[in-house]
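Here's the structure, in structure tokens; my notes come after.
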Amino acid sequence: MTVKPKHESSSSEEDIPLKATVSNTKASTLKKVKKVRKVAPKKEESSEEEDDEALSKAVKKRKKVRKENASKTKKIKIEDAIDSKVEKTNPDDKSDDSDTFRWWEQEENGDNTVKWVTLRHNGVMFPPEYVPLPSHVKLYYDGKPVDLPPQAEEVAGFFGGLLESDHAKNPVFQKNFFKDFLDVLNENGGTRNNIEIKSFEKCDFTKMFEYYQLQREEKKRLTPQEKKLIKLEKDKLEEPYKFCYLDGRKEQVGNFKLEPPDLFRGRGAHPKTGKLKRRVYPEDIVLNLDKDAPIPVPPAGHKWGEIRHDNTVQWLCMWRENISNSFKYVRLAANSSLKGMSDYKKFEKARELKKYIDLIRAEYTKNLKSKVMLERQISVATYLIDVFALRAGGEKSEDEADTVGCCSLRYEHVTLKPPTTVVFDFLGKDSIRYYQEVEVNKQVFKNLSIFKRPPKQPGHQLFDRLDPSILNKHLQNYMPGLTAKVFRTFNASKTMQDQLDLIPNEGTIAEKLMRYNAANRKVAILCNHQRTVTRGHVTSVQKATEKIEELEWAKIRYKKAILQLDKSQLKKDPNFFREIDDLTNEEQQAIHKRLIEREREKYNKKFIRENDKRKFENEELLPESDLQSWLASVDELEKQYAEELESGIVTVKPALQDVDKLRSQIEKLEQRIATSSLQLKDKEENSTVALSTSKISYIDPRLSVAFCKKYNVPLEKVFTKALREKFQWAIESADANWRFCET
DNA sequence: AGCCTGACTTAGGATGCCAACA
DNA sequence: TGTTGGCATCCTAAGTCAGGCT
């Protein structure tokens, strides 16, 4: 799992003398960490109340809406209706290439507010209804099988499915799950065989877990044809929801599937993790379509919550979720024109920053010494956002994970080491740790120490005068539309461009690609884009390390062999033999053991496989003696190695009893060691860095397009199919000389 | 003027698939 | 010829930020 250090704040508080007067920070004005939310007092407490309130509100609204819309709903077969309405420009052409709306070739249209004129779609795809488990699969309580009502069984099953995951071991997750589970159980009349469930500890979900495992395996075992058939079926069901018509053009919908009910999997130390995310019904859903659009037919026996005709937004459907009472949307896919246009605008905005960045940097550097505390804070914050690509850092409520960004940094997140070293250590978005020990501008250092002066202490806001909206308002003074996040985009793309500029236009495609990825990695590190190490990472690193050790061992062994043939070599080239005693006896022994072990395994496997094959083909089986003789040869080798270790004299194949031959073997081994080491290093460095996020969101795609054109690298080597679709606008508009900004 | 909601982008983990490899 | 590891895709959580409301 990701590192989540709640490290002690080392209080290395140097009192830095300061010339400029700073407005006094009274303890009373300090924002406390855990600010009591500034919401209406009732909202505070119990989640049941909250849910009830939200529910009844929603119900009222729904009723109102239903009344309003009752007359509107026409029962038309929606698909036909949509298709008949659409005048296709090229009716027979199925290739989506010519279907695509090349908005980037159009005159730029300044109006942002109206997103479409017509919008038609089939609503959202509902998840299947719950299918109760077979009667032999049950939750056990205190050793006894429990008869649960299906609604409660479903919730128990959610937990059962996660049994071996970290979530299920998290006490907060358990507690939240158990409470919601009991609620559902009680709402549905309790257990049906009079077992009273009281304690989580007495619940045994293993039967459920095993059942899901079994199902999964069965699914895997299906023949390719069966799998294909199932997929075909699935595609057919999804088809109507995959596309919508936006201004008459067929466009892909992104998340056309409703989120199924589940246990909420909050990230980091989320207080609500494990709570039941309840099933969403048509009555919960608001549809957004144009006024004349046919209304999709809701599932039988149901009605839509509301029909809206708001062409200033880009969503198709929306509903409120019950975990934090916020909205979820069905929206267009990444390859759609609307998404493409906003993406384009995002990067153009970032490029525009280039025109102002020098001035902004000069000003914040100057204002680091401002007499006004707020200005100092703005300057330091802007500096941190600009130099270290921090996020804005809005305030969070108590029922979310405790994570911070720039403006919400607290005393304990920043450690100062004079003269100018700063250690950042905090949990950012998604509870990803940001840990950096960096050198900062002298005045920034001074200011940070002022921001940390008593009476401030751990828990207090570093920037007590600042929040993202103040900061953003300040930034707008420089450039319209400038906000904190623009700096991240700007610096990421700028970094990428600078890094790509350093790559020589030579070598193989593989080499160029490696360098492209190295540039990408620089950006990812700047943005602190991390990933958890994959399941097999530790073992695979170990394997690779052992492999290198073995190559080293083989190399040393050959060097010894050379000396056995010709002692005078040592004098001629002592450096070459320097490493000859590098491996201790224990290390050699360990290597021997691995090599021997592997040999044995190899023969054992070979024997089994060979006989399996023969059995299948009705041939005579190999006698056990064959295996024994193979293994005997391994025993022989083992003995040989042991003797070598004892005597220090190595035995090499007769063919290699020659100094020159040995030398050329050694050279080959050295090559292999070099490549393997490089690969290992790459693997290690990449194990915690996620390259994809910056590629998808921060690096102007035109940089990659220009790189590919200029360096003759096929585009599909750097952009997956999905990315090529998403960035079609960039692919078609950037040439080999395109620049993000002048350097 | 601050607060909160709504709508949008950005994010890492889970899952599924395919190709490289033994 | 099955395994495995790496990558693409799917999924949805978690941010940012504007604007409307009190």
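These numbers come from the heavy atoms of this one structure, side chains and all, not from hydrogens, waters or symmetry mates. Chain identifiers are assigned alphabetically (A, B, ...) following the order of the sequence lines, protein sequences preceding nucleic acid strands; residue numbering begins at 1 within each chain.
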Closest listed nucleotide, where the reference is the side chain of [X] and the choices are [options]:
{"X": "A:K277", "options": "B:dG13, C:dA13, B:dT10", "result": "C:dA13"}
{"X": "A:P260", "options": "C:dT12, B:dA11, B:dA7", "result": "C:dT12"}
{"X": "A:W315", "options": "B:dA7, C:dT9, B:dA11", "result": "B:dA7"}
{"X": "A:E259", "options": "B:dG6, C:dT9, C:dT12", "result": "C:dT12"}
{"X": "A:K346", "options": "C:dA8, C:dG15, B:dT9", "result": "B:dT9"}
{"X": "A:F327", "options": "B:dA7, B:dA11, C:dG15", "result": "B:dA7"}
{"X": "A:R308", "options": "C:dA8, C:dT16, B:dA7", "result": "B:dA7"}

Under 4.0 Å from OP1 or OP2 of [N]: is there any side-chain N or O of [X] that close?
{"X": "A:T532", "N": "B:dG13", "answer": "yes"}
{"X": "A:K485", "N": "B:dC8", "answer": "no"}
{"X": "A:K396", "N": "C:dG15", "answer": "yes"}
{"X": "A:H167", "N": "B:dG13", "answer": "no"}
{"X": "A:K339", "N": "B:dT9", "answer": "yes"}

Would you mind classifying the nucleic acid contact of [X] as base, sugar-phosphate or nothing, using non-hydrogen atoms under 4.0 angstrom?
{"X": "A:T403", "answer": "sugar-phosphate"}
{"X": "A:Y698", "answer": "sugar-phosphate"}
{"X": "A:T312", "answer": "sugar-phosphate"}
{"X": "A:R331", "answer": "base"}
{"X": "A:S342", "answer": "sugar-phosphate"}
{"X": "A:A484", "answer": "sugar-phosphate"}
{"X": "A:K115", "answer": "sugar-phosphate"}
{"X": "A:G405", "answer": "nothing"}
{"X": "A:R267", "answer": "base"}
{"X": "A:Q476", "answer": "sugar-phosphate"}

Between [X] and [Y], is the ring centre distance below 6.0 Å?
{"X": "A:Y435", "Y": "A:F424", "answer": "no"}
{"X": "A:Y478", "Y": "A:Y356", "answer": "no"}
{"X": "A:F264", "Y": "A:H270", "answer": "yes"}
{"X": "A:Y698", "Y": "A:H529", "answer": "yes"}

Legend entry - Position toward the 5' end of DNA chain B (nearest nucleotide), A:T693 or A:K547: A:T693

Inset, instruction - Please figure out whether A:H529 or A:R265 has its closest DNA chain B nucleotide nearer the 5' end. - result: A:H529

Legend entry - DNA chain C: 5'-proximal contact among A:C406 and A:E716 (nearest heavy atom): A:E716

Inset, instruction - Would you mind telling me which residue lines up with the more 5' stretch of DNA chain C, A:T483 or A:A722, judged by nearest nucleotide? - result: A:A722

Just the rounded figure in Å: distance from [atom2] of [N] to [atom1] of [X].
{"X": "A:L338", "N": "B:dA7", "atom1": "CG", "atom2": "C1'", "value": "13 Å"}
{"X": "A:Y329", "N": "B:dT10", "atom1": "OH", "atom2": "P", "value": "17 Å"}
{"X": "A:D430", "N": "B:dA14", "atom1": "CG", "atom2": "P", "value": "12 Å"}
{"X": "A:M318", "N": "C:dT12", "atom1": "CE", "atom2": "C1'", "value": "18 Å"}
{"X": "A:N472", "N": "B:dC3", "atom1": "CG", "atom2": "C1'", "value": "16 Å"}
{"X": "A:K429", "N": "B:dG12", "atom1": "NZ", "atom2": "P", "value": "8 Å"}
{"X": "A:F490", "N": "B:dT10", "atom1": "CZ", "atom2": "C1'", "value": "20 Å"}
{"X": "A:F264", "N": "C:dT12", "atom1": "CZ", "atom2": "P", "value": "12 Å"}

Inset, instruction - Looking only at non-hydrogen atoms, find the nearest pair between A:A401 and A:S431 and report the distance. - result: CB-OG, 4.1 Å

Legend entry - Shortest non-hydrogen contact between A:F327 and A:R320, atoms and distance: CZ-NH2, 3.2 Å

Legend entry - A:N170 side-chain N/O to A:G274 backbone N/O, donor-acceptor pair under 3.5 Å: no

Inset, instruction - Before accepting this row, confirm whether a basic side-chain N of the pair A:R702/A:D700 lies closer than 4.0 Å to the acidic partner's carboxylate O. - result: yes

